[in-house]
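Structure, as structure tokens:
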Protein chains: 2
Amino acid sequence: MRVGTAVTTVDAAGMRAQNSSLLLNMIWRERQISRAEIARRTELSPSTVSAIVVDLERSGLVRSIGAGVSRGGRRPTLIGFCDDAFSLIGVELGATHVTAALTDLRGRVRAYRHASHAVREDPKGTLQKVRELVHAVLDAERVPRRSVAGMGVAVPSPVHPSTPGKLSPLLVPAWRDYDVQESLRSAFGLPVFVDNDANLGALSECYWGAGVNGEDLAYIKLATGIGSGHIIHGDVYRGAGGTAGEISHMAVDSSGPQCVCGLRGCLVTLIGSAALLERARELMGRKDKRTLTVRELVEGARAGEPAARQVIDGLGHYLGIAVAGLLNLLNPAIVVLGGEISSVGDLLLDPLRASVRKRALSTSMAETRIVTSALGDRAIAVGAATLVLQAALRDRTLFPLQHLGKSA
Amino acid sequence: MRVGTAVTTVDAAGMRAQNSSLLLNMIWRERQISRAEIARRTELSPSTVSAIVVDLERSGLVRSIGAGVSRGGRRPTLIGFCDDAFSLIGVELGATHVTAALTDLRGRVRAYRHASHAVREDPKGTLQKVRELVHAVLDAERVPRRSVAGMGVAVPSPVHPSTPGKLSPLLVPAWRDYDVQESLRSAFGLPVFVDNDANLGALSECYWGAGVNGEDLAYIKLATGIGSGHIIHGDVYRGAGGTAGEISHMAVDSSGPQCVCGLRGCLVTLIGSAALLERARELMGRKDKRTLTVRELVEGARAGEPAARQVIDGLGHYLGIAVAGLLNLLNPAIVVLGGEISSVGDLLLDPLRASVRKRALSTSMAETRIVTSALGDRAIAVGAATLVLQAALRDRTLFPLQHLGKSA
DNA sequence: CTGGTTTCTTCGCAGTAAGAACGAAGTCTT
DNA sequence: AAGACTTCGTTCTTACTGCGAAGAAACCAG
């Protein structure tokens with residue numbers, strides 16, 4: 001039985017590593033902070049704080065950035081985090097596209113590439129495409145391989161904790177013989193982290209979006225399928241088999257339409273992109289016209305088109321049933337809606353909140369904020385890069401050694 | 001932003017505390033293990049292991065229990081955990097009853113008391129009753145106050161993390177001015193831990209029941225209301241506001257009966273005890289007879305009564321919808337059903353599993369076991385005591401100092 | 001009985017954080 | 001403007017921890 005206890009043994013070096021991480025995290029969070037303030041907050045002794053800061057300075061992760069305001073005595077030296085000390089790579093594999101982003105340690109995108117590709121059907125070509133895009137973003141900013149801490153990859157499939165590189169053979173059968181993590185690790189010689197796209201959307205929101213200060217966050221990705229990602233105690237929650245958050249086939253209306261999965265009224269048959277566009281076409285009465293896109297639906301709703309508004313209202317209604325269940329079950333501090341359709345903002349939030357209010361415990365509802373994402377279409381790729389950042393802030397050794405010369 | 005990193009600073013004493021906890025946990029888990037084996041598994045040096053074991057022996061938590069089998073050389077001395085070193089108190093507050101259990105450090109009940117009481121309406125009398133029952137179980141085993149590590153209390157209400165002693169003013173308004181934790185702490189001078197009953201059922205299963213070896217576990221309590229508790233990474237998950245797992249009003253059938261909450265087809269209106277008994281009465285055609293009990297329903301189902309079987313089938317059907325949603329959302333390793341009705345076993349599990357299979361992702365379904373509880377009606381009280389055990393195994397200082405004399 | 005193995009303890013060593021003392025750099029009062 | 005007081009950061013000593021080598025004890029095999 002392994003019942004939630006620290007499983008890590010500690011020696012002197014481990015003690016230093018732990019305190020060092022703690023400081024690194026604090027400096028990263030605060031952006032600038034003095035040694036004295038760190039000592040006060042951590043309750044570490046001033047001498048210890050100084051010693052660790054020297055370490056961190058030597059590795060190039062932090063540096064002095066001038067004096068702060070006095071508190072009645074000598075002015076403190078502010079220590080700042082070096083956002084540019086290392087770069088991160090985030091890759092997003094969608095159903096039909098591949099993107100790569102190069103970010104700094106503050107989640108800022110310094111280079112970005114996008115390409116359409118039949119990801120599901122063509123693993124080999126996809127991996128080749130990824131290599132091209134990653135090289136492109138690295139070259140665009142002339143970033144040496146040495147200063148990259150690692151690579152995160154978002155995949156459109158659940159990821160089993162014990163085989164992080166493998167995609168689900170049921171959902172993406174063509175990838176059966178491919179290992180995303182292994183092939184990219186050997187291609188670039190970098191640490192590679194893989195996770196589900198919705199999970200990384202959640203991580204992105206937790207770090208750079210609406211989830212700031214929130215420990216427990218739920219993210220719902222509205223797209224072809226409906227996926228959710230959950231941050232619990234600041235960490236992505238993956239479940240025992242890595243399929244936590246797969247809510248496409250949650251039943252919300254037993255009298256709804258038949259789904260390919262065999263059930264009636266699955267979330268995806270009611271509010272998946274295909275269903276929404278189909279409904280919009282019906283209401284607009286333009287069956288003959290060429291394919292409608294989500295973008296057009298969003299623009300229509302914003303322009304006040306009744307049909308588009310009606311579709312969004314329906315989305316809010318059904319999504320509310322699922323969100324209410326999620327609130328009662330998980331009680332997150334915040335629910336963030338992502339995916340292109342979420343850009344309609346309040347047009348979606350108003351009916352959604354109304355629907356949720358009717359169904360959720362008033363206490364859990366009162367403590368939960370429901371918002372739409374403000375991070376845009378790069379959120380997933382940035383979330384992938386964030387996975388590396390998160391790991392490296394915990395274990396400094398992930399930041400490659402460099403700057404071996406003494407910085408007087 | 002506090003993004004899931006160790007928030008604890010470490011010094012030399014903290015290092016020892018952490019390693020000490022690690023060893024204590026291992027000895028507790030293994031029941032008996034040699035120093036050499038501990039050193040191999042933890043990768044701590046033999047000298048360190050010996051030193052810590054001396055510490056633990058001095059505090060009375062472990063002791064030598066003879067020699068083990070040789071691995072080709074000197075026979076190892078086995079160290080065993082002293083299950084009787086301290087006692088734990090677990091209290092359960094139900095809607096209409098109060099129970100108190102005295103357990104050892106292995107979850108064995110050494111004394112148990114039960115009393116009916118109008119808990120919801122009478123806070124003052126309830127607390128008085130708790131004091132009586134606790135004194136009774138202590139006296140029954142002649143346990144001195146000194147050897148009790150603490151008291152856990154299960155309450156029929158969500159518990160907000162920041163105010164653990166307060167019950168929900170919405171669900172239990174009469175308790176507005178009472179603080180369970182504070183009043184019992186001052187009454188007994190012991191550490192008091194409070195949590196929701198379903199959460200503690202989950203904890204109980206994780207330690208003593210079906211969840212052994214499972215880190216992620218979901219427990220569903222089938223009673224007047226439907227509550228669920230979740231163990232995530234070995235810890236009770238409470239959510240941001242403490243209301244995680246309140247699934248009574250999860251919507252599973254939009255064409256179902258009207259619920260007091262305003263919605264149609266809430267779980268509780270379909271499978272709450274009242275609904276099940278009502279349905280059974282209808283099917284049995286004995287509207288005139290006196291009130292049916294859950295016990296009678298269980299016995300009827302076991303005896304093969306068609307009406308009872310049909311009610312259980314319906315329970316399995318609806319519960320399956322909720323469990324499927326839970327699997328897709330949280331993907332636990334195991335789902336445990338508790339509450340009196342769950343004692344029908346396979347009669348419930350068969351239709352439940354069939355219902356779930358139709359709705360859950362096949363991958364998450366494949367990895368999840370669904371079982372009924374085997375712990376009986378004391379599970380919640382024992383879970384409350386387990387809350388203390390869990391805390392004390394992490395932080396040894398919760399075990400009160402005694403045995404100050406040298407044990408040569 | 002002898003050589004090899006395993007277990008556990010003892011002792012010196014290295015690494016870490018704590019704490020006291022101190023100089024440096026400001027602020028504030030007079 | 002001068003001196004007292006406060007805060008900041010460093011240096012040095014001390015205490016504690018875990019590690020590793022060495023050794024004693026206990027056991028097995030031939």
Side-chain angles (χ1 to χ4, degrees), chain A residues 6 8-24 26-27 30 32-58 62-80 396-397 408, chain B residues 6 8-24 26-27 30 32-58 62-80 396-397 408:
Chain A
T8 333
T9 182
V10 196
D11 61 357
M15 180 160 79
R16 180 54 154 260
Q18 195 165 330
N19 288 333
S20 181
S21 279
L22 198 71
L23 256 68
L24 186 61
M26 184 171 284
I27 298 170
E30 301 296 328
Q32 51 183 42
I33 186 170
S34 71
R35 294 173 176 83
E37 184 61 25
I38 293 174
R40 276 190 296 271
R41 292 201 202 172
T42 60
E43 296 184 302
L44 253 44
S45 70
S47 49
T48 302
V49 172
S50 279
I52 293 177
V53 167
V54 167
D55 266 16
L56 294 176
E57 273 179 327
R58 238 198 289 274
V62 309
R63 66 167 195 276
S64 295
I65 51 167
V69 293
S70 166
R71 302 197 329 152
R74 174 174 166 178
R75 293 164 64 194
T77 313
L78 294 179
I79 308 297
R396 226 183 77 201
T397 63
Chain B
T8 334
T9 182
V10 195
D11 61 356
M15 180 160 81
R16 180 54 154 261
Q18 194 165 330
N19 288 333
S20 181
S21 278
L22 198 71
L23 255 69
L24 186 60
M26 183 171 284
I27 297 170
E30 301 296 329
Q32 50 183 42
I33 187 170
S34 71
R35 294 172 177 83
E37 183 62 24
I38 293 174
R40 277 190 295 270
R41 291 201 201 172
T42 60
E43 295 183 304
L44 252 45
S45 71
S47 47
T48 302
V49 172
S50 280
I52 293 177
V53 168
V54 167
D55 266 17
L56 294 175
E57 272 179 327
R58 238 198 288 274
V62 309
R63 65 168 196 276
S64 295
I65 49 167
V69 295
S70 166
R71 303 196 330 150
R74 174 174 165 179
R75 293 163 64 194
T77 312
L78 294 179
I79 308 296
R396 227 184 76 201
T397 63

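Each chain gets a letter, A, B and so on, in the order its sequence line appears, and its residues count up from 1.
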Does C:dC8 have its OP1 or OP2 closer than 4.0 Å to a side-chain nitrogen or oxygen of B:Ser50? no
B:Ser47: partners by side chain to side chain donor-acceptor pair (under 3.5 Å), with sequence neighbours left out: B:Ser45
So, is A:Ser47 near the phosphate of D:dT10, with a side-chain N or O under 4.0 Å from OP1 or OP2? no
Using only heavy-atom distances, determine whether the side chains of A:Arg396 and A:Ser20 contain a donor-acceptor pair under 3.5 Å. yes
Considering every strand and a 4.0 Å limit on heavy-atom distances, what is the contact class for A:Val10: base, sugar-phosphate, or nothing? sugar-phosphate
Would you mind reading off the distance between B:Leu44 atom CG and D:dG20 atom P, rounded to a whole angstrom? 11 Å
Starting at atom CD of B:Glu57, determine the distance to atom C1' of C:dT9, rounded to an integer number of angstrom. 13 Å
5'-most contact on DNA chain D (nearest-nucleotide basis), A:Pro76 vs B:Met15, goes to A:Pro76
Among the candidates C:dA24, C:dC11, C:dA18, find the nucleotide nearest to the side-chain atoms of A:Arg74. C:dA24
Applying a 4.0 Å non-hydrogen cut-off, can you work out what A:Thr77 is touching in the nucleic acid: base, sugar-phosphate, or nothing? sugar-phosphate
Of all the heavy-atom pairs spanning B:Ala12 and A:Met15, show the shortest one and how long it is. N-SD, 3.8 Å
Heteroatom pairs (N/O) under 3.5 angstrom, protein to nucleotides 27-30 of chain C:
none

Could you please name the option among D:dC16, C:dC8, D:dC8 that lies closest to any side-chain atom of A:Arg40? D:dC8
When rounded to whole Å, the CD1 to C1' distance for the pair B:Ile52 and C:dT9 reads 15 Å
In whole angstroms, how far is the P atom of C:dT16 from the CD atom of A:Glu43? 22 Å
Closest to the A:Ser45 side chain, choosing from D:dC19, C:dA18, D:dG9: C:dA18
B:Glu57 and B:Ser64: which non-hydrogen atoms are nearest, and at how many Å? OE2-OG, 3.3 Å
From the list A:Arg35, A:Arg63, A:Gln32, side chain to side chain contact (heavy atoms under 4.5 Å, CB included) partner of A:Leu78 resolves to A:Gln32
B:Arg16 has an atom CZ; how far is it from atom C1' of C:dG15, in whole Å? 16 Å
Please determine if a side-chain N or O atom of A:Asn19 lies less than 4.0 Å away from the OP1 or OP2 oxygen of C:dT16. no
Walk me through whether B:Ile38 and B:Leu44 qualify under side-chain contact (heavy atoms from CB on, under 4.5 Å). CA-CA 8 Å; B:Ile38 293 174; B:Leu44 252 45; over 6 Å; no
Write down the distance between CG (A:Leu23) and C1' (D:dG9), rounded to a whole number of angstrom. 14 Å
Between C1' of C:dC8 and CD1 of B:Ile33, the distance in whole Å: 15 Å
Between CG of A:Asp11 and P of C:dA17 the distance, given in whole Å, is 12 Å
